[in-house]
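Read through the structure below, which is laid out as structure tokens, and then see the notes.
Note that these values count all heavy atoms, side chains included, but never hydrogens, waters or copies made by symmetry. Here is the naming used below: chain letters follow the sequence lines, and residue numbers restart at 1 for every chain. If you're wondering where the values come from, they're calculated on a predicted model, not measured in any experiment.
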Amino acid sequence: MSIVLDIVASIGLWAAVLRIATPLIFGTLGALLCERAGVLNLGIEGIMTFGAMIGWLAVYQGADLWTGLLVAALSGAVFGLLHAALTVTLGLSQHVSGLGVTLFASSLSYYLFRLLVPLSGSPPTIEPFAPLSVPGLADLPFIGPVLSAQTPPTYLALLLALGLAYAIFRTPLGLAIRMTGENPHAAEAQGVDPMAVRYGAVIVGSALMAVGGAFLTLSAFNSFFPTMVQGRGWISIALVVFASWRPGRALFGALLFAFFDAFQLRLQTVVDGVPYQLFLMTPYILSIVALCVMARHARVPQALMQPYRRGER
Amino acid sequence: MTETVLEIDRVSKSFGGNKANDAISLTLGRGEIVALLGENGAGKTTLMSILFGHYVPDEGHIRVAGVDLPPGRPRAAIHAGIGMVHQHFSLAPNLTVLENVMTGTEKLWSWRSQTGRARAKLKALAERFGLVVDPDARLGDLSVGEQQRVEILKALYNDARILILDEPTAVLTNLEAETLFATLKEMARQGLSLIFISHKLDEVMAAADRVVVLRGGKLVAERRAGETSKAELAELMVGHRVARPVREAHERGAPVLEAAAVSVRVDGVDRLREISFRLHAGEILGIIGVSGNGQAALAGLLSGTLLRSSGDILLYGEGVGDLSVAETVASGIGRIPEDRTREGAIGEMAVWENAVLERIDEPRFSRRGLVNRSAAVAFADAIVRSFDVRGGGPLTRTRLLSGGNMQKLILGRNLAEHPRILIAAQPARGLDEGAVAAVHARILDARKAGTAVLLISEDLDEVIALADRIQAIVGGRLSPPVSADEVDARALGLMMAGAWKKEAA
Ligand SMILES: Nc1ncnc2c1ncn2[C@@H]1O[C@H](COP(=O)(O)OP(=O)(O)O)[C@@H](O)[C@H]1O
Ligand SMILES: [Mg+2]
């Protein structure tokens, strides 16, 4: 028991929680924004992979780290545009289009990577983001050292969750987005253009997903390999449901998942005689349990996955 | 003559080859209430959708206070002071009342929603017109009547001077409808102009200053409400004389369905309390009552979707315990559910699929798990023909049928095989005159052929015209039966208010 307490009380654990949570926060907020406008974006897994690759590649070719993040965001926006064109303008099935975008973006990232980076024994690396210590925050007890271990994109993710919560619940644009996800016909009758709102939400949401992916290569690690997203996109999709489509809860969900993950990693090192695969499973099992508990009362956007066509009855 | 606020000038609109509006001209004065009367498919919704900018007209102009309105732009219509209350509400159930009202009313790219100001404005409007709702309630938690109030408030919030209501009473109870019309009259008194769409003659006569009749896309007549009659309007609307069929004297047979002191409890609430009735072959037993008094539980009980908590049900003279849905179908009980689009038929399926849905297990329609499609289509085709379902054939998607024709399909599906018992819940609700007459005639035919009909309805005229005996349903209790020949509308009104309970006490 004291082992568990030691782990939970360690600064190292909580620093890892924030680091593991960051790509999930970006991914979940991105998916949440799309779904609030009524578009499920299963392109997330591929978009994160592509963002991880292109952000890394930009830096590898000599750009600075922030430019790398920006390039990743732009690439996400382009895939978002593709997904929006397929689902909003053409009204195709959002599942199929999203999975298509994932397959396309994943293969394209591997292809471009192989094309532009010579094959070598050890993967090429870049100099990733360094931890940032914010004066004032860094001096707080416990929280200070935890935060000081984080890189700038993590701070960005935390601020983004607050900003998105504010935007969705407190601004006219946020209301227009929610109305579009609930009832695009009503939105239109009130003078909001549901098509434009959906395009905007999917493009911006996809850009956030790609930034989440880029965090992996520009901060968490320093090189790219094609399987590195490892289902984080799918976890984000589940976290949106867990969060009941609320950014604040999405942040909480991402942290919770990251906590399970960081915890099992540390537990592995101190407990003997249990196959490590069991530990690897725990965050997923606990997520499923949490999802079951939370999602029963979730309020799904009513027009989620429904194509909108003008003038149709 | 008051000042003209709205002018519709020779507006036409076709869908494919179908002329939904044919050179319609209409004016609306300040403070005036105009009723737009017409059967389903007459083109009423299309005309109002053009007015509100949902559709672009093929020809013609709309002028508000003398100024041309750009076609096909809802924003411009809102800006010109036109507000629309849609037939199918255009609201978001997961958002609050205030959020529903505020959407699109502020500059999209501003830093903060002015909720405080919006709340105050909404409150002032609600008080001015007597449309009380809680601004912070989740819309989906409100009753249909309250949701409609929100729709009206939404229009008023956008400073509408001209309000259009598309079949506003179709979803309301009679009491809610009366409240609505009182509100509309108050609005007109305060200088607003209103157009409401309807196919109900009573409310048109009661609420409108002027009546405009559409038929087959054309404007066929315009009358001042004081200078016309229900009979004249009915004839104008349908194009020929319509008389609802009436019941002829007829011998009834043996009891087929009996309930003895049956109670039903749903989620801890008593929906039915010790109800008793006895339904005979070849008779129509009317269950009259304001909706929400246990009708849904009664229909659910008899179609096998609800279980009784006490009491006995006798089918063909034998106690049967609880019925299951499959048993009710197998034992010859036909059902016409109250909500035809949700329970009666599956909109996305073809007419033939809906026609055989309940019988798909029968060998003539399927064998070894494979559907015999040609037999099913032929069955559906027979229903379409003999029940005069218009607007499509067996292969049409059911959603595309109008309400009346969908109802005829459901009725046909149930009556085609001569059921011994028919449970009909609000069979004519929301239908136009022609369709009502057709549905009534079919139900009377079934009675003549020996079917026992339980007619659950809140329409006094309907029950008086069709039923042999009548029981009132109030708060989950049933009154003792009275013979239809011995009561009038007034006595029935008293029964619906629960007057029999005092006598019994
Ligand atoms: N969006 C549409 N597409 C095709 N046909 C339509 C459409 N809207 C209406 N119609 C047709 O136009 C005619 C008039 O319909 P509508 O205006 O809804 O009638 P009402 O409101 O009087 O019942 C009907 O025949 C209907 O089928
Ligand atoms: Mg209509």
Legend entry - Top contributor to chain A interface from B:G140, B:A77, B:S113, B:S49 [non-hydrogen pairs under 4.5 Å]: B:S113
Inset, instruction - Tell me, out of B:A155, B:G53, B:S110, who's got the most heavy-atom pairs with chain A below 4.5 Å. - result: B:S110
Inset, instruction - Measure the CG-CD distance between B:L172 and B:Q148 for me, rounded to the nearest 0.5 Å. - result: 4.5 Å
Structural part of [X] lying under 4.5 Å from a heavy atom of chain A:
| X | value |
| --- | --- |
| B:N100 | both |
| B:L91 | backbone |
| B:M84 | neither |
| B:V56 | neither |

Legend entry - Derivation and outcome, side-chain hydrogen bond (donor to acceptor under 3.5 Å, both in side chains), residues A:N183 and B:S90: CA-CA 7 Å; A:N183 185 346; B:S90 171; 4.8 Å; no
Inset, instruction - Just say parallel, tilted or perpendicular for the rings of B:H54 and B:H86, cut-offs at 30° and 60°. - result: tilted
Inset, instruction - Report yes or no: does A:Y155 contribute a side-chain atom to a donor-acceptor pair with the main-chain N or O of A:L147 at less than 3.5 Å? - result: yes
Legend entry - Which portion of A:Y166 sits near chain B, non-hydrogen atoms under 4.5 angstrom: side chain
Inset, instruction - Using a strict 4.0 Å threshold on nitrogen-to-oxygen distance, state whether B:K13 and B:D22 make a salt bridge. - result: no
Legend entry - Salt-bridge criterion met for B:K121 and B:D159 (N-O under 4.0 Å): yes
Inset, instruction - Please determine, among A:A303, A:P301, A:A186, A:A187, the option with the most heavy-atom pairs under 4.5 Å with chain B. - result: A:A186
